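These numbers were taken from a predicted model, which means no experiment stands behind them.
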Amino acid sequence: MQTRHRLKQPRLSKLAACLLGSTSLLAAAQSAAPTAQPQAMETVVVTGLRASLESALRAKRDDKGIVDVIKAEDIAKFPDTNLAESLQRVPGVVIDRDAGEGRSITVRGLGADFTRVRINGIEALATTGGTDSSGGANRSRGFDFNVFASELFNSITVRKSASADVDEGSLGATVDLQAARPFDFKPGFTATGSAQGRYNDMSGKTTPRVAGLLSYTDENRRFGLLMSVAYSERKVLEEGFSTVRWANGVSSQGLFAAAGSDAAALAASNNAANFHPRLPRYGRLTHDQDRLGVTSAIQFRPGENTLVSADIMYAKLEATRQEDFLQAISFSRTGTNGKPQTSVLEAKYDASGELVRGVYNGVDIRSESRFDRLFTEYVQPTLSVDHDFSDTLRLSVKMGQSKSRFRNPVQTTTTLDANNVNGYTIDFSGNDRLPAISYPISVTSLTPGGLGFVTAAAGAATVPGTLVSSEIRIRPLGATTRSDNGQVDLSWDLLPSRYTAKAGISYKRFSFDTFEFRRTNETVMYAPPAGVSASSLTTMLTGFGKELGLPAGVPTAWLIPNLNAISAAYDIYCNCLKSGPAGGPGDFRLTSITNGSARGNNFGATEKDEGAYLMMEFNEKVSSFPVRGNVGVRYVRTAQTASGYDSVGGGTPTQESQNYSDVLPSLNLAVNLSRDVILRAAAAKVMARPRLNDLNPGMSLNTANQTITAGNPGLKPYRAKTLDINGEWYFSRDGFLGLGLFYKDIDTYIQSLRGSARYGDTGLPLASLPNSQSADTVYAITTPINTEGGSLQGLELNWQQPFSFLPGIWRNTGMQFNYTYVKSDVTYRDSGANNATIVDDLIGLSPRSANLSLYYDDGRFSARVSTSYRSAFLTRVPGQNNNDVEGTNAAVNVDLSLNYKWDDRLTLTFEGTNLNNRAKDQFVSRARNSPVVYNITGREFLLGARYKF
């Protein structure tokens, strides 16, 4: 740890100031500086096969900006099954996965919240829901790439440097997704179709994937019409071990204290240096997804100098997910039913403080089943008009709206329980990711001697403290984002081919709202209604762990709740009081704003962004060296209003607004040192706005768990200064070697501050507390704050090598390789150590990443094997429950693609993804590397054909 002293102070909310021992609000520093985002400089086009690689290098060589481009090598044939999977081939880009497929991206160590995405030139934000360990429901600015079928697009451009004519909002990159348009094709009709069968070796299921495109352009290229459709299904099993978190002996979860404990084992378990899993569990997640995408485009020329393009994009992702866990929950429980009632018979810890083996009495065992129904619907109409007033004066107008509607209408958890079980054993000595766990009960049968429903009295208003009932949790939620965009650009050639002046204005109105409902009391369940047997409300999970290599003794089958049967028997979705008093087991009414546990997820925000820019593009010769590039400045004004609910009076509306502006200059240069060697440089000042959920002016007060979660609507944006230097050597027609160096000075950063404080110091009303608590009751508080930021620097190596010098068929082979190294030093605030700061890596930053693709292409048969590597990265600093950090371990993925061109119309295809069946491996603590999630999803194989009509 170290403490830094600067003239600028981070912006703190009242709760954050309370955590840090301050009674005043500290003002956040605002920075105004130049932003650069080149539209031309370095164009890394990654298409994967020979012909497209050659054309990509030609485009790269002529471009002015530092950009990477991926293009479909043919109609409706993107080089990967998922957009994020394709993006991971780009230098400096790594991906995060959910259910085994790419969901979001990180560019040069900067995560999804720092990356803007545009579809057909209009800013877009598509959101969906994932597992809790993958981030859950997306309430941030990060783009979920898994919403879209890759066949809908024919190019992706990753803009790594800034230019004045590209909208602000990213620290990492701006990603442009472009759908096909009719004028992309030759006059006449163009049609193609593809069909594949997808097989997952863990689920044993085969599902369809189909796509088609039809386009027409008249002979004079005056009018064109295009439509494309893509549909796919995916059925995946995800299996493994998880712990949710690890806690030490003196954490907020309480001490082990039960009689009958071994004295030495009890002392070790309560030692602050030793950590145990809070919720050790094996589990299966069953994913079922349907993805539909439709695009249509019309282009026409009302005159020789005018082009009108209208695009409509529609995407829908429907999914269900069932999560079934067999777990010990005592280690996460407080009070009279948790750790204090658990006897420690044996406890062995290693030198780092990680539990190696433990034997316990009085452990509560639970079979938990959660079912989610989710869908995302995305609609985007776009209209653009390009008009040439003369040979030197051009106008471009673009307007559109993007709307993403995510709903999770069913999120229901039910449980079976067996309390106070003796002889529970967990042993990590044979495998630190997959422990041997013994349950000294029958997990395949109902009580007695097994799992069952633990119920409260049907007429009980509350559950006595000594009774822990089985649960029925019902938590529907949703989020909607909408962005209305307009932009006007004017371009004037002052000296044709040498100097072009550009100017433009833009306007965006962005809105976001999210909601959540919950039962008033989720931890109660009453006995089955008359005539309904308990056995009829359960079913069996079987065949678990066939790909995991489980230790001996771990159950491969266990009893789980049958949600459909429970729903029918109890009528749990009636949203009504079925029986008994309010708050009792028969109360299935859902509340949101008045519910302290759900209140914090009911909020919204609106944002108006007004921008203008001036830019000069130039193409000159300095001495004997050709020099090209652009220089410009962008001004943007942001007006934000956030609304939510605080905890006063059962949910009182609150609203706060703020305005800020930024001046963002940029410079991009490309110098031809020789015919084949180009030196590029870019400098800019950039900004990215705060995460949406961080702006929430309301809060959630949970008196049962003694937690407070609050947003901070006064957060200032992330701001940074950037510098890039790239060298490129085009040593042959299709050979390339490039080295890029980059540096970012992040002036302001936003972190989630976690700590504890007396309730009386928070400024919240004492009337909100139950009778058992007072102003001295200690609450865990989480809130975002502006911090001092830090630096990020790194390098990218990019090598494209055809092996045309080899003899025979080997001359048709080649290689693509890239390697990225990133280092960062970001300052985090620590609420627990005299306002100390922690200097650590940026959240989501993998210091090393690499991609290697070997390909063969003889014009008829083509093949590609690709390997991607991402080193470990952090997901939370500081970690929870007295841990230093939380993160995800390194991963390697191997994919394969084969194509055989039967004739000019028919191509046969085969693809394999995740061939090494790599595990999703999340950890807590650098020293211990304790497992949080260790899951696999299996290999997937796709066999099919593509046909041109």
Side-chain angles (χ1 to χ4, degrees), residues 47-52 54-56 59 69-81 83 119-121 148-156 176-197 208-232 291-316 379-386 400 857 859-860 862 899-909 942 944-949:
T47 56
L49 295 177
R50 193 160 208 152
S52 51
E54 292 181 9
S55 62
V69 180
I70 311 169
K71 290 187 177 180
E73 59 187 273
D74 206 343
I75 303 168
K77 175 60 181 71
F78 220 73
D80 290 277
T81 59
L83 291 174
I119 297 179
N120 297 333
F148 298 94
S150 61
E151 295 95 332
L152 299 178
F153 303 95
N154 62 5
S155 71
I156 302 178
D176 280 314
L177 307 178
Q178 181 62 53
R181 286 172 169 168
F183 285 2
D184 295 339
F185 306 106
K186 296 177 180 179
F189 282 100
T190 299
T192 185
S194 65
Q196 292 177 304
R209 182 183 185 215
V210 296
L213 179 146
L214 177 64
S215 177
Y216 170 77
T217 299
D218 71 349
E219 291 296 327
N220 297 320
R221 301 185 68 83
R222 290 282 188 176
F223 174 79
L225 177 65
L226 177 146
M227 176 170 284
S228 68
V229 179
Y231 174 79
S232 65
R291 183 182 289 114
L292 172 67
V294 181
T295 70
S296 63
I298 299 174
Q299 289 185 291
F300 65 95
R301 296 183 183 275
E304 288 295 331
N305 298 323
T306 305
L307 172 64
V308 179
S309 301
D311 301 271
I312 297 179
M313 170 161 286
Y314 174 86
K316 187 173 186 179
V379 181
Q380 178 185 311
T382 306
L383 176 67
S384 61
V385 179
D386 297 288
D857 185 6
R860 179 172 290 274
S862 62
N899 291 268
Y900 180 73
K901 191 175 181 180
W902 185 269
D903 55 30
D904 288 342
R905 294 183 180 272
L906 177 63
T907 300
L908 305 179
T909 65
L942 296 93
R946 187 171 65 256
Y947 190 82
K948 291 183 181 180
F949 296 91

Chemist: Please tabulate, one pair per line, all N/O donor-acceptor pairs under 3.5 Å involving side-chain atoms of residues 297-304, not counting sequence neighbours.
Modeler:
{"unit_1": "Gln299", "atom_1": "OE1", "unit_2": "Phe183", "atom_2": "N", "d": "2.9"}
{"unit_1": "Gln299", "atom_1": "NE2", "unit_2": "Ser309", "atom_2": "OG", "d": "3.0"}
{"unit_1": "Glu304", "atom_1": "OE2", "unit_2": "Arg222", "atom_2": "NH2", "d": "2.4"}

Chemist: Using a distance-only test with no angle check, is there a side-chain donor-acceptor pair under 3.5 angstrom linking Asn154 and Gln178?
Modeler: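 Per modelled atom types, Asn154 and Gln178 side chains form no pair under 3.5 Å.
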Chemist: Can you name the side-chain contact (heavy atoms from CB on, under 4.5 Å) partners of Ala945, sequence neighbours left out?
Modeler: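 With sequence neighbours excluded, Ala945 shows a side-chain contact (heavy atoms from CB on, under 4.5 Å) to Leu906, Leu908, given in chain and number order.
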Chemist: State which residues pass side chain to side chain donor-acceptor pair (under 3.5 Å) with Asp386; sequence neighbours excluded, sorted by chain then number.
Modeler: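 Once residues adjacent in sequence are excluded, the partners of Asp386 under the side chain to side chain donor-acceptor pair (under 3.5 Å) criterion are Ser396.
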Chemist: Please enumerate all residues that pass side-chain contact (heavy atoms from CB on, under 4.5 Å) together with Pro187, with sequence neighbours excluded.
Modeler: Glu219, Arg221
Chemist: Going by salt bridge (charged side-chain N to carboxylate O under 4.0 Å, His left out), name the residues that satisfy it together with Asp184, two or more places apart in sequence or in a different chain.
Modeler: none
Chemist: Would you please name every residue forming a ring pair (Phe, Tyr, Trp, His ring centres under 6.0 Å) with Tyr947, sequence neighbours left out?
Modeler: Phe949
Chemist: Quick one: side-chain contact (heavy atoms from CB on, under 4.5 Å) partners of Ala310, sequence neighbours excluded?
Modeler: Leu383
Chemist: Step by step, work out the salt bridge (charged side-chain N to carboxylate O under 4.0 Å, His left out) result for Arg181 and Asp311.
Modeler: CA-CA 8 Å; Arg181 286 172 169 168; Asp311 301 271; 2.8 Å; yes
Chemist: Can you list the residues that meet the ring pair (Phe, Tyr, Trp, His ring centres under 6.0 Å) rule with Tyr216, with sequence neighbours excluded?
Modeler: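 In terms of ring pair (Phe, Tyr, Trp, His ring centres under 6.0 Å), with neighbours along the sequence ignored, Tyr216 is linked to Phe189.
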Chemist: Using the test side chain to side chain donor-acceptor pair (under 3.5 Å), find all partners of Thr382 that sit at least two apart in sequence or belong to another chain.
Modeler: Gln380
Chemist: Please identify each residue that fulfils side chain to side chain donor-acceptor pair (under 3.5 Å) with Ser215, with sequence neighbours left out.
Modeler: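 Ser215 satisfies side chain to side chain donor-acceptor pair (under 3.5 Å) with no other residue.
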